[in-house]
Every structure is written in C-alpha cells, then in structure tokens.
Protein chains: 2
Amino acid sequence: MAKPPKENSPITEHLAYLLAQANREINRQLELRLSKEGVPVEQWRILKVLSDGEGHSMGELADAVLLNHPTLTKMIDRMVSDTLVYRVQDPNDRRKVLMFISDRGKVLCKKLNSLAVDQEEHILESYGDKSTSELKRLLESLIDSSN
Amino acid sequence: MAKPPKENSPITEHLAYLLAQANREINRQLELRLSKEGVPVEQWRILKVLSDGEGHSMGELADAVLLNHPTLTKMIDRMVSDTLVYRVQDPNDRRKVLMFISDRGKVLCKKLNSLAVDQEEHILESYGDKSTSELKRLLESLIDSSN
DNA sequence: CTTCAATTCTTGAATATTCAATATTTTCAA
DNA sequence: TTGAAAATATTGAATATTCAAGAATTGAAG
C-alpha cells in the first residue's frame with residue numbers, strides 16, 4: 001500500500017532525498033575511517049581501481065570513480081606528487097594517458113582496504129546481512145534501469 | 001549466498017560505492033528537470049521544507065537539506081536576493097534566524113514539485129512500484145540504524 | 001549579578017570544483 | 001591523402017564549498 005509522492009509530500013519521502021541522506025551518512029563514516037591515513041574517499045577509489053595493475057585511461061577512471069575529468073586531473077596531480085600513482089602515455093592512442101599504481105600506492109591501498117572492510121562489517125552488524133545484500137541488489141538494479 | 005566484500009573485492013561491490021553511484025544518477029536526472037526553472041536541487045529542498053509556512057532556523061534547515069552551515073548561509077543569501085525566501089530574527093532567541101518562504105517562492109516551489117513528481121513517476125515506470133517502495137524502506141532503515 | 005562557557009549564525013581566506021576553451025591525436029569521409 | 005570532425009586530457013578563470021575564526025546572544029554556575 002505504498003503511496004506515490006504527492007506534490008506536497010515531505011521531502012523526506014522522495015527517493016532522491018533518501019539516497020542523498022544515506023549516501024551522505026555512509027560516506028561520512030567511511031571518510032572518518034580513511035582519515036586515519038589522511039586519504040579522501042576518492043583517492044581510495046582511484047587506488048582500488050588501479051590496483052588491478054592494468055593501465056587505465058583518465059576517462060575510464062573518471063567514470064569509475066564518479067568524478068568529472070578536470071576534477072580527476074587535479075586529484076591525480078596531487079597523487080602523482082605523493083608518488084601514489086604515475087602517468088604513462090598510451091602507446092596505442094597518444095591522446096590517452098594511462099594511469100598506474102605505484103608500489104607505495106599498493107601499500108597504502110591495502111591499509112585503506114582493511115579500514116573500508118571494517119566499515120562494511122560494522123554496517124553488517126548494525127544493519128544486518130539480509131538487509132545489506134538486499135539493498136545492494138536493489139541499488140544495482142536501480143542503476144541498471146537508469147541507463 | 002551473498003559474500004561479504006573481501007579486501008580485494010572490486011569497488012563496485014561496496015555499499016558506499018553503490019550508494020554514491022545511485023545518488024549521482026538520480027540526482028543528475030532531477031537536476032536536469034529542475035534546470036527547466038534554473039534552480040539547483042538544494043534550493044528546491046529549501047523551498048520545500050519552508051513551504052509548511054513555519055519559520056525554520058538556519059541550523060534546522062542545514063540539517064534538513066543536507067548542507068553545512070556556511071554553505072547554507074551563502075545559498076540563502078542568493079535566494080533572498082531572488083526574493084524567494086526571507087529572514088526574520090527569532091524573537092524568542094535572538095541568536096537564531098527564522099527563514100520563511102515568500103509568495104514568489106511558493107509559486108516557484110509548486111512548479112518544481114511537479115517537475116520532481118514527474119521524475120518519481122518516471123522512476124516508478126522503469127524501476128517498478130515494488131522495487132521503489134522496498135528500496136525506500138531499506139534506505140530509511142539504513143539511515144535509522146546509522147544513528 | 002557577573003562572568004564564563006555554549007549555542008547560533010555569519011564572514012573571510014583557503015581550497016576544491018566546474019565550465020569553457022585549448023592542444024593534441026585519431027578517425028573517417030571525400 | 002587531406003581536411004574536417006570527434007575523442008582525450010589539461011588549463012585557467014569563475015564559482016562554490018569548507019575550515020577556522022569571529023560576533024552576538026543565551027544559559028548557568030558561582
């Protein structure tokens with residue numbers, strides 16, 4: 001018996017708002033953990049994507065880590081300064097730049113991964129296995145249906 | 001048979017990532033609709049909260065619309081310039097400022113509401129009634145369990 | 001009372017993000 | 001093969017957000 005939101009329904013009933021609120025809260029928690037290593041969430045995502053050892057172009061990365069191109073470029077600049085990642089021009093398409101993770105980046109990524117796993121475990125405890133996997137399933141399908 | 005994420009699981013399996021991705025996508029769609037009236041999502045949220053006609057303090061508003069205080073102050077400055085809202089000092093506690101929606105703000109809010117309802121209906125169509133209400137339920141309970 | 005800490009909001013400087021324009025390389029049609 | 005259009009990444013200026021500090025008011029303990 002779920003009612004569709006009327007024009008004057010409170011904002012808290014809108015899907016867009018619930019998503020924003022949940023995202024904000026979970027992100028805040030994750031941020032808090034990762035701050036132990038002084039690393040923003042986006043950098044962890046970048047390291048994680050690159051930790052397959054393959055080279056990834058900036059465009060690919062931008063999509064994967066949900067940042068737009070200029071923002072990513074500037075964040076990568078910082079990470080290059082910190083020698084966490086490095087750039088290589090793609091030999092097959094010289095418009096592209098391939099990003100790789102450094103050894104230092106790999107070491108940091110491992111530490112960050114376990115901080116993140118801590119968080120997921122904490123969520124599993126307070127929220128429950130069943131709800132968590134069901135929520136993940138629904139989110140994936142929402143994302144699918146939006147493309 | 002849902003597996004908990006291992007240290008080296010892809011980023012796309014993390015709840016934090018799925019939430020960020022879904023939020024980004026739904027927000028992008030909403031933004032697109034509201035841009036017809038040239039209004040950012042946050043301003044719509046503000047108008048919607050204020051449209052109960054009551055006065056709301058800045059702190060209250062900041063919580064409700066998921067913005068931190070200085071960001072809200074500056075956004076409200078713009079909205080005051082556009083005569084969508086106005087400030088009144090709280091007579092009972094002069095530290096506080098009470099925000100009210102103007103007549104112009106009410107008119108705009110109505111238009112925005114129907115654009116937002118359009119979007120929710122679009123989601124219901126492509127994603128389904130059942131999934132939508134189930135997702136909302138799970139999100140609410142995740143938010144609850146995080147406090 | 002009076003003073004000191006807490007609350008609320010705003011401000012200004014530092015930082016980050018975005019938009020539009022640019023440079024480079026590739027693609028592909030004529 | 002050439003030349004125009006598309007794709008990729010970066011830059012710089014404009015804009016927005018955040019952090020830390022400040023001003024005003026209230027609360028409450030001594």
Side-chain angles (χ1 to χ4, degrees), chain A residues 20-21 23-25 27-32 34-35 38-46 49-50 54-82 84-100, chain B residues 20-21 23-25 27-32 34-35 38-46 49-50 54-82 84-100:
Chain A
Q21 201 181 356
N23 179 49
R24 187 185 161 86
E25 179 58 27
N27 210 57
R28 200 190 55 74
Q29 287 174 18
L30 182 55
E31 215 163 51
L32 196 64
L34 300 190
S35 72
V39 177
V41 175
E42 290 78 12
Q43 291 198 13
W44 170 58
R45 290 202 192 121
I46 292 170
V49 170
L50 296 185
E54 311 285 321
H56 294 265
S57 76
M58 292 296 279
E60 218 183 311
L61 252 189
D63 283 351
V65 305
L66 315 176
L67 291 176
N68 58 20
H69 290 220
T71 307
L72 178 64
T73 293
K74 285 155 193 174
M75 182 159 286
I76 289 288
D77 287 346
R78 269 166 268 160
M79 295 176 77
V80 169
S81 300
D82 295 342
L84 296 172
V85 299
Y86 57 94
R87 291 176 162 98
V88 174
Q89 196 176 49
D90 185 338
N92 297 118
D93 182 343
R94 280 156 46 220
R95 288 170 303 183
K96 295 187 185 174
V97 171
L98 297 180
M99 296 305 312
F100 290 90
Chain B
Q21 201 182 356
N23 179 50
R24 186 185 161 87
E25 179 58 26
N27 209 57
R28 200 190 54 76
Q29 288 175 17
L30 182 56
E31 215 163 51
L32 196 65
L34 300 190
S35 72
V39 176
V41 175
E42 289 78 13
Q43 291 199 14
W44 170 57
R45 288 201 194 122
I46 292 170
V49 170
L50 296 185
E54 311 286 321
H56 294 264
S57 76
M58 292 296 280
E60 217 183 311
L61 252 188
D63 283 350
V65 304
L66 315 175
L67 292 176
N68 58 20
H69 290 221
T71 306
L72 178 64
T73 292
K74 285 155 193 174
M75 182 157 286
I76 290 287
D77 286 347
R78 270 167 268 160
M79 294 175 78
V80 169
S81 300
D82 295 342
L84 296 171
V85 299
Y86 57 95
R87 292 177 162 97
V88 175
Q89 196 177 49
D90 185 338
N92 296 119
D93 182 343
R94 280 152 49 216
R95 288 170 302 183
K96 294 187 185 174
V97 172
L98 297 181
M99 297 304 312
F100 290 90

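Remember, predicted model here, so these are calculated numbers, not experimental data.
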Spacing between [X] atom [atom1] and [N] atom [atom2], to the nearest angstrom:
X       : N      : atom1 : atom2 : result
B:Leu72 : D:dT17 : CG    : C1'   : 13 Å
A:Leu98 : D:dA7  : CG    : C1'   : 15 Å
A:Ile76 : D:dT8  : CD1   : C1'   : 15 Å
A:Met58 : C:dT24 : CE    : C1'   : 15 Å
B:Arg87 : D:dA24 : CZ    : C1'   : 15 Å
A:Asp63 : D:dT8  : CG    : P     : 10 Å
A:Asn92 : D:dT8  : CG    : P     : 14 Å
B:Asn68 : C:dT15 : CG    : C1'   : 13 Å

(message) For the CE atom of B:Met99 and the CG atom of B:Leu84, what is their distance to the nearest 0.5 Å?
(response)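 Spacing of CE (B:Met99) from CG (B:Leu84) equals 10.0 Å.
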(message) With rounding to the nearest 0.5 angstrom, report the CG to CE distance, A:Asp77 to A:Met79.
(response)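 Reported value, rounded in 0.5 Å steps: 11.0 Å.
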Whether [X] contacts [N] is assessed here as follows: a side-chain N or O lying under 4.0 Å from the phosphate OP1 or OP2. Is that the case?
X       : N      : value
A:Ser57 : D:dA9  : yes
B:Thr73 : C:dC9  : no
B:Arg94 : D:dT26 : yes

(request) Starting from the 5' end of DNA chain C, give me the residue, A:Pro91 or A:Glu42, whose nearest nucleotide shows up first. (result)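 Mapping each residue to its closest nucleotide by heavy atoms, the 5'-most match is A:Glu42.
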(request) Please tell me which of A:Asp90 and A:Lys74 maps to the more 5' nucleotide of DNA chain C, matching each residue to the nucleotide holding its nearest heavy atom. (result)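 Closest to the 5' end, via its nearest nucleotide, is A:Lys74.
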(request) Classify the side chain of A:Lys96 and the base of C:dT24 as holding, or not holding, a donor-acceptor pair under 3.5 Å. (result)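 Under the 3.5 Å cut-off, the side chain and the base do not form any donor-acceptor pair.
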(request) Look at the side chain of A:Arg95 and the base of C:dT24, then say whether one donor and one acceptor between them are separated by less than 3.5 Å. (result)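 Not at all, since no donor on one side and acceptor on the other fall under 3.5 Å apart.
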(message) Tell me whether B:Arg28 is salt-bridged to B:Glu31, with the criterion being a basic N under 4.0 Å from an acidic carboxylate O.
(response)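 Between B:Glu31 and B:Arg28 there is no salt bridge, as every charged N stays at least 4.0 Å from the carboxylate O atoms.
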(message) Which is more 5' along DNA chain D, the nucleotide nearest B:Gln89 or the one nearest B:Pro70? Just name the residue.
(response)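 Checking each residue's closest nucleotide, the 5'-ward one belongs to B:Pro70.
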(request) When you get a sec, tell me which of C:dT17, D:dT25, C:dC9 is the closest nucleotide to the side chain of A:Met75? (result)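 The closest nucleotide is C:dT17.
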(request) Decide yes or no for A:Met58 and A:His69: does some side-chain heavy atom of the first lie under 4.5 Å from some side-chain heavy atom of the second? (result)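 Not in contact.
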(message) Any donor-acceptor pair under 3.5 Å linking the side-chain atoms of B:Gln21 with those of B:Glu25?
(response)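 Not at all, the side chains of B:Glu25 and B:Gln21 share no donor-acceptor pair under 3.5 Å.
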